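Protein chains get the first letters and strands the later ones, always in sequence-line order, with residue 1 at the start of each. Side chains are part of it too, since the values below use all heavy atoms of this structure and drop only hydrogens, waters and symmetry mates. Keep in mind it's a predicted model, so treat the numbers as computed, not measured.
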2 protein chains.
Amino acid sequence: MAPRKIRNMEEFAAVSGISRPTVSKYFNDPDSVRRSTRERIEQALERFDYRPNIFAMNQNRKLTKNVGIVVPYLADPFFAEIARNIEAKCIEAGFRPTLYSAYGDPAQEAEILDSLRALKPAGVLLAPLGRDSDRSFIEKFCKDIPTILFDSNLEGMGAAFVGSDNASFIEQTVDYLCRSGEPPAFFEMRHPANPNANKRRIAYLKKMESLGKEPRVIKVDGRGWGFEEIGRQGAFRLLEEPRLPSRTILCSNDRLAIGFLSACYEKGLRVGLGEDCDLRVASHDDHPFSKFTCPSLTTAAHDYNAVSNRTVETLIELVESGGQLKARTETLFPARLILRSSA
Amino acid sequence: MAPRKIRNMEEFAAVSGISRPTVSKYFNDPDSVRRSTRERIEQALERFDYRPNIFAMNQNRKLTKNVGIVVPYLADPFFAEIARNIEAKCIEAGFRPTLYSAYGDPAQEAEILDSLRALKPAGVLLAPLGRDSDRSFIEKFCKDIPTILFDSNLEGMGAAFVGSDNASFIEQTVDYLCRSGEPPAFFEMRHPANPNANKRRIAYLKKMESLGKEPRVIKVDGRGWGFEEIGRQGAFRLLEEPRLPSRTILCSNDRLAIGFLSACYEKGLRVGLGEDCDLRVASHDDHPFSKFTCPSLTTAAHDYNAVSNRTVETLIELVESGGQLKARTETLFPARLILRSSA
DNA sequence: CACTGTTTTTTACGCGCGTAAAATTTTAGT
DNA sequence: ACTAAAATTTTACGCGCGTAAAAAACAGTG
């Protein structure tokens, strides 16, 4: 017998000896049909390879299984890594995630959300651009589509926020640096796009104060998402000055630090915590490459796994409660200090 | 007057005073309707914000504007970067690209292609996993769906292949290294997943022979996509041996080189081309971070722009010719040598 | 003006499935 | 064996749009 091509659910229902609406119910949720029915469908599924037409499925469904994951810049390994985690967990939970990147452009971010709207997603996991985002646009979007913010928070928007506790990052790095040597100066971009950067600066100032040390903030110019180059140029300018504010530099994030280290190397400066070293450099994020910098970077790590787990768990809650949570929650995971050679 | 919500094309056609089929034609291709008609539609489009329902659109359309972009590992900045380029160019050309990553897993690659099939894409741009790919599966897919391979070739599959000329990479780096010092040993993974790696080894052997130099291939163990770590561990083992095959190391790709450099740094070896240096290290790909390694990496750069342009151009040809090209073409772009400090 | 070829509109149908309501069967419980 | 509850099937409709075919409007000729 030649198992002819199954063209639609009608035909598949026929060959499996079940009515089409029940088959439809099965594909919507396999556990919503009787066990014996389910087995019969799955047997038929092995003999004939049939998949429901996605477009027809979603056309009339109130709620799809689509999930949009939106990040600000996918070519940044940090976001690539967290997107990878979240994507895997969405699939595990039975969703159909699709990945989008705004590539630093607010117009593209808005365009993504607009086309996402058309996909009737069960939920959207959004790591917004931050300062550059069109806030009122995003606010409107969050009201229409169940959205969870992650990584960077926009006050009050979305059903929940899941991210890392910036204060915890700073407290651990500053604490360690102060215990082990000279108090750090804080190295950051003058106009950071990401709100986390501001939280980190504030946390730095507060922590230094609580330790009774004088804070020093170094602001470097530069725009866009080429953080390494910005850190590098900023380091060159800083290192040309007659006196450094401190011989211990705490970068706002690892990508700046990567650039900073490359400038130090080029200048012939030794970075590390030995007596013979000229500088100590530490940072935050535990960027996938921070293990391979020269020297390897002392940093504070995100709990990637916890953030992505919690984000997807919250998504599931949100979907199951019909797109509305009782209250907007903000979950912040603490950092883990990673001691390497640079400080 | 309160412009009430437009629910569907029917209503939009009514308020714009045009028949629905004509409106449908407009959305399919704005130039397919009379100029005056087009203007009337576009005026109405400004007064009422209406977007056709994607699911309903694609359900009956023979050919959608969807394009799938599939890469083997999106958290690898090289693929993130090329995906970014290709995505932008697809949008420019009027397609709706969606990005997928197999994350090194052949099962996931197959799953992506399967779900892509359901999206009736106008075309698929596929950078396959390579050695790990389920070849017969991909072959079947290419027969059903217009597919263009990029970055890494699978003999005879797809309508065309666009990538970089591995021989050109090797010839330039080997040539330069031989002119400027000791001939290089070639450093690679024992079981590279990517077919480009094999082409590079073969090109290395050939080029060395043509220069009358003795080739030396160093193979390091390790699996998966953590190339930096593999390069690093391989370097440690290599550097422990009493004698190196050469004091000039040519890595198969930049990510291995990044790991190699980090091992050198940790061992206290100076890498560069000065008299006082212990080693020279060069590589291939011009990875986004290769500018920031210590020392900065001498490498051969892909012509990202040419590859992504040509890929999308070929896609357009393919779509316009109805999913079939006269002959399968293979386009290879030469490398550009980037001289930095490591060699 | 009639004549011809091209757009546009009208009309009509179908895509593949979700889903609601009513009729029927199965299951669980006593 | 009987009954209420749960699951399934039947029936029927509609989603929003693509698209083919026929009719009508239009533009360009002589």
Just the rounded figure in Å: distance from [atom2] of [N] to [atom1] of [X].
X	N	atom1	atom2	result
A:Arg35	C:dA28	CZ	P	12 Å
B:Asp29	C:dT7	CG	C1'	14 Å
A:Ile41	D:dA7	CD1	C1'	13 Å
A:Asp31	D:dA7	CG	C1'	14 Å
A:Ile18	C:dT25	CD1	P	16 Å

Considering residues at least two apart in sequence or located in another chain, which fulfil the side chain to side chain donor-acceptor pair (under 3.5 Å) criterion with [X]?
X	result
A:Ser16	none
B:Tyr103	A:Glu87
B:Glu330	B:Asn153, B:Arg328

Go through the structure and list residues passing salt bridge (charged side-chain N to carboxylate O under 4.0 Å, His left out) with B:Arg84, not counting sequence neighbours.
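With neighbours one apart ignored, the set is B:Glu81.
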
Which part of the nucleic acid does B:Ser32 contact within heavy-atom distance under 4.0 Å: base, sugar-phosphate only, or nothing?
sugar-phosphate

N/O donor to acceptor pairs below 3.5 angstrom from side-chain atoms of residues 48-55 of chain A, sequence neighbours left out:
{"residue": "A:Tyr50", "atom": "OH", "partner": "A:Met9", "partner atom": "N", "Å": "3.4"}
{"residue": "A:Asn53", "atom": "OD1", "partner": "A:Phe55", "partner atom": "N", "Å": "2.7"}
{"residue": "A:Asn53", "atom": "OD1", "partner": "A:Ala56", "partner atom": "N", "Å": "2.9"}

Please tell me if A:Ser19 has a side-chain N or O lying less than 4.0 Å from either OP1 or OP2 of D:dT8.
no

Would you say a side-chain N or O of A:Thr37 is under 4.0 Å from OP1 or OP2 of D:dA7?
no

Atom pairs, N/O to N/O, protein against nucleotides 14-19 of chain D, distance under 3.5 Å?
{"residue": "D:dG14", "atom": "N2", "partner": "A:Asn60", "partner atom": "ND2", "Å": "2.5"}
{"residue": "D:dC15", "atom": "O4'", "partner": "A:Asn60", "partner atom": "OD1", "Å": "3.4"}
{"residue": "D:dC15", "atom": "O2", "partner": "A:Asn60", "partner atom": "OD1", "Å": "2.6"}
{"residue": "D:dC15", "atom": "O2", "partner": "A:Asn60", "partner atom": "ND2", "Å": "2.7"}
{"residue": "D:dG16", "atom": "O4'", "partner": "A:Gln59", "partner atom": "NE2", "Å": "3.1"}
{"residue": "D:dG16", "atom": "N2", "partner": "B:Gln59", "partner atom": "OE1", "Å": "3.4"}
{"residue": "D:dG16", "atom": "N2", "partner": "B:Asn60", "partner atom": "ND2", "Å": "3.4"}
{"residue": "D:dG16", "atom": "N3", "partner": "A:Gln59", "partner atom": "NE2", "Å": "3.1"}
{"residue": "D:dC17", "atom": "OP1", "partner": "B:Tyr50", "partner atom": "OH", "Å": "2.5"}
{"residue": "D:dC17", "atom": "OP1", "partner": "B:Asn53", "partner atom": "N", "Å": "2.9"}
{"residue": "D:dC17", "atom": "OP2", "partner": "B:Met9", "partner atom": "N", "Å": "2.3"}
{"residue": "D:dC17", "atom": "OP2", "partner": "B:Tyr50", "partner atom": "OH", "Å": "3.4"}
{"residue": "D:dC17", "atom": "O2", "partner": "B:Asn60", "partner atom": "ND2", "Å": "3.1"}
{"residue": "D:dG18", "atom": "OP2", "partner": "B:Ser24", "partner atom": "OG", "Å": "2.3"}
{"residue": "D:dG18", "atom": "N7", "partner": "B:Arg20", "partner atom": "NH1", "Å": "3.4"}
{"residue": "D:dG18", "atom": "O6", "partner": "B:Arg20", "partner atom": "NH2", "Å": "2.9"}

Whether A:Glu39 and A:Arg35 form a salt bridge (side-chain N of Lys/Arg under 4.0 Å from carboxylate O of Asp/Glu) is what I want to check.
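Salt bridge between A:Arg35 and A:Glu39, a charged N being under 4.0 Å from a carboxylate O: yes.
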
